[in-house]
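Reviewing the structure listed below.
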Amino acid sequence: YPTWKRTLARQARESQVKRFCRAQAIQRRLEEIEVTFRELERQGIKLEKLLRDENESPADQQTQWTNQLLYLVQKKNNLMTEESDLMIAVQELKLEEQQCQLDQKLRSYMNKEETLKTPEDEKAEQEILKQLVEVVNKRNVLIQMQEEKRLSEL
């Protein structure tokens with residue numbers, strides 16, 4: 001088993017572990033966002049009730065509640081943006097994993113000596129190459145979406 005094959009296999013395992021760790025971190029953050037959403041919703045409902053029920057409270061108190069409600073809405077919008085970014089990152093991780101798997105399959109076919117390849121092998125190799133190009137194009141679309149989103153936020 002040549003050294004370069006072991007190196008490639010090790011690198012593939014390392015990148016898979018990194019993707020797994022990133023996926024776990026994203027999942028944890030999505031769960032945190034969900035909890036924060038619920039808390040913001042609870043606080044918002046409380047403030048709305050105060051604003052509706054307390055008509056005779058001082059104007060500065062109502063202004064303070066309104067400002068708090070607007071702050072909660074802004075915070076919720078920021079969390080929704082972050083959640084959207086994380087969902088794009090999840091899609092990107094899935095595509096990275098798919099690309100890695102296809103790349104490994106393609107390498108196994110390409111490493112086969114040409115004289116030993118059957119027509120089925122060549123057909124499979126071409127199909128894998130086609131799938132790999134599709135995955136790369138999908139990743140490119142995601143990256144373009146992120147870039148457009150980043151530019152629009154600026």
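Heavy-atom basis, side chains included; hydrogens, waters and symmetry copies ignored.
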Glu148: partners by salt bridge (charged side-chain N to carboxylate O under 4.0 Å, His left out), with sequence neighbours left out:
none
For residues Ile45 and Lys49, determine if any side-chain heavy atom of one lies less than 4.5 Å from a side-chain heavy atom of the other.
yes
N-O pairing of Lys123 and Glu120 below 4.0 Å:
no
Donor-acceptor side-chain pairing of Gln126 and Glu122 below 3.5 angstrom
no
Could you give me the CA-CA distance, side-chain angles and deciding distance for Gln43 and Leu40, then say whether side-chain contact (heavy atoms from CB on, under 4.5 Å) is met?
CA-CA 5 Å; Gln43 290 175 7; Leu40 291 175; 4.2 Å; yes
Quick one: salt bridge (Lys or Arg N to Asp or Glu O under 4.0 Å) pairs with a partner in residues 97-107, sequence neighbours left out?
Arg19-Glu97, Asp103-Arg107
Listed by chain and number, what are the side-chain hydrogen bond (donor to acceptor under 3.5 Å, both in side chains) partners of Arg13, not counting sequence neighbours?
none
Would you compute the distance between atom CG of Leu51 and atom CD of Gln64 and round it to the nearest 0.5 angstrom?
10.5 Å
Tabulate below the donor-acceptor pairs under 3.5 Å that side-chain atoms of residues 26-34 make, not counting sequence neighbours, or state none.
{"residue": "Gln27", "atom": "NE2", "partner": "Glu31", "partner atom": "OE2", "Å": "3.4"}
{"residue": "Arg29", "atom": "NE", "partner": "Glu82", "partner atom": "OE2", "Å": "2.7"}
{"residue": "Arg29", "atom": "NH1", "partner": "Glu32", "partner atom": "OE1", "Å": "3.0"}
{"residue": "Arg29", "atom": "NH2", "partner": "Glu82", "partner atom": "OE1", "Å": "2.9"}
{"residue": "Arg29", "atom": "NH2", "partner": "Glu82", "partner atom": "OE2", "Å": "3.4"}

Within the 4.5 Å heavy-atom criterion, are Arg139 and Val136 side-chain neighbours or not?
no
Hey, any chance Met87 and Phe37 share a hydrophobic cluster, counting ILVMFWY side chains that come within less than 4.5 Å of each other, even indirectly?
yes
Out of the candidates Glu147, Glu153, Gln146, only one should pair with Arg150 under the side-chain hydrogen bond (donor to acceptor under 3.5 Å, both in side chains) rule; please name it.
Glu147
Does any part of the side chain of Arg6, heavy atoms only, come nearer than 4.5 Å to the side chain of Thr3, both counted from C-beta?
yes
In short, side chain to side chain donor-acceptor pair (under 3.5 Å) pairs touching residues 65-77 with sequence neighbours left out are Glu41-Lys76
Say you draw a straight line from CD1 of Ile128 to CG of Asp121; how long is it, rounded to the nearest 0.5 Å?
9.5 Å
So, taking the atom named CZ in Arg10 and the one named OG in Ser15, what distance separates them when rounded to the nearest 0.5 Å?
11.0 Å
To the closest 0.5 Å, what do you measure between CE (Met145) and CD1 (Ile143)?
11.5 Å
Answer yes or no: does atom NZ of Lys46 have more than 12 heavy-atom neighbours from other residues, nucleotides or ligands under 6.0 Å?
no
So, Glu96 and Lys18, do they make that salt bridge, N to O below 4.0 Å?
no
With the side chain counted from C-beta on, respond yes when Leu50 and Gln61 share a heavy-atom pair under 4.5 Å apart, and no when they do not.
no
Hydrophobic clustering (ILVMFWY, side-chain heavy atoms < 4.5 Å, transitive) - are Met80 and Leu86 grouped together?
yes
Residues Lys117, Glu125; criterion salt bridge (Lys or Arg N to Asp or Glu O under 4.0 Å); working and verdict
CA-CA 10 Å; Lys117 286 185 184 178; Glu125 183 179 341; 2.8 Å; yes
Residues at least two apart in sequence or cross-chain that pass salt bridge (charged side-chain N to carboxylate O under 4.0 Å, His left out) with Glu127, listed by chain then number, are none
Could you measure the distance from the CD atom of Gln91 to the CG atom of Leu142? Nearest 0.5 Å is fine.
5.5 Å
Close side-chain approach of Lys94 to Val90, heavy-atom, < 4.5 Å
yes
Hey, what do you get for CG (Leu106) to CD (Gln99), rounding to the nearest 0.5 Å?
11.0 Å
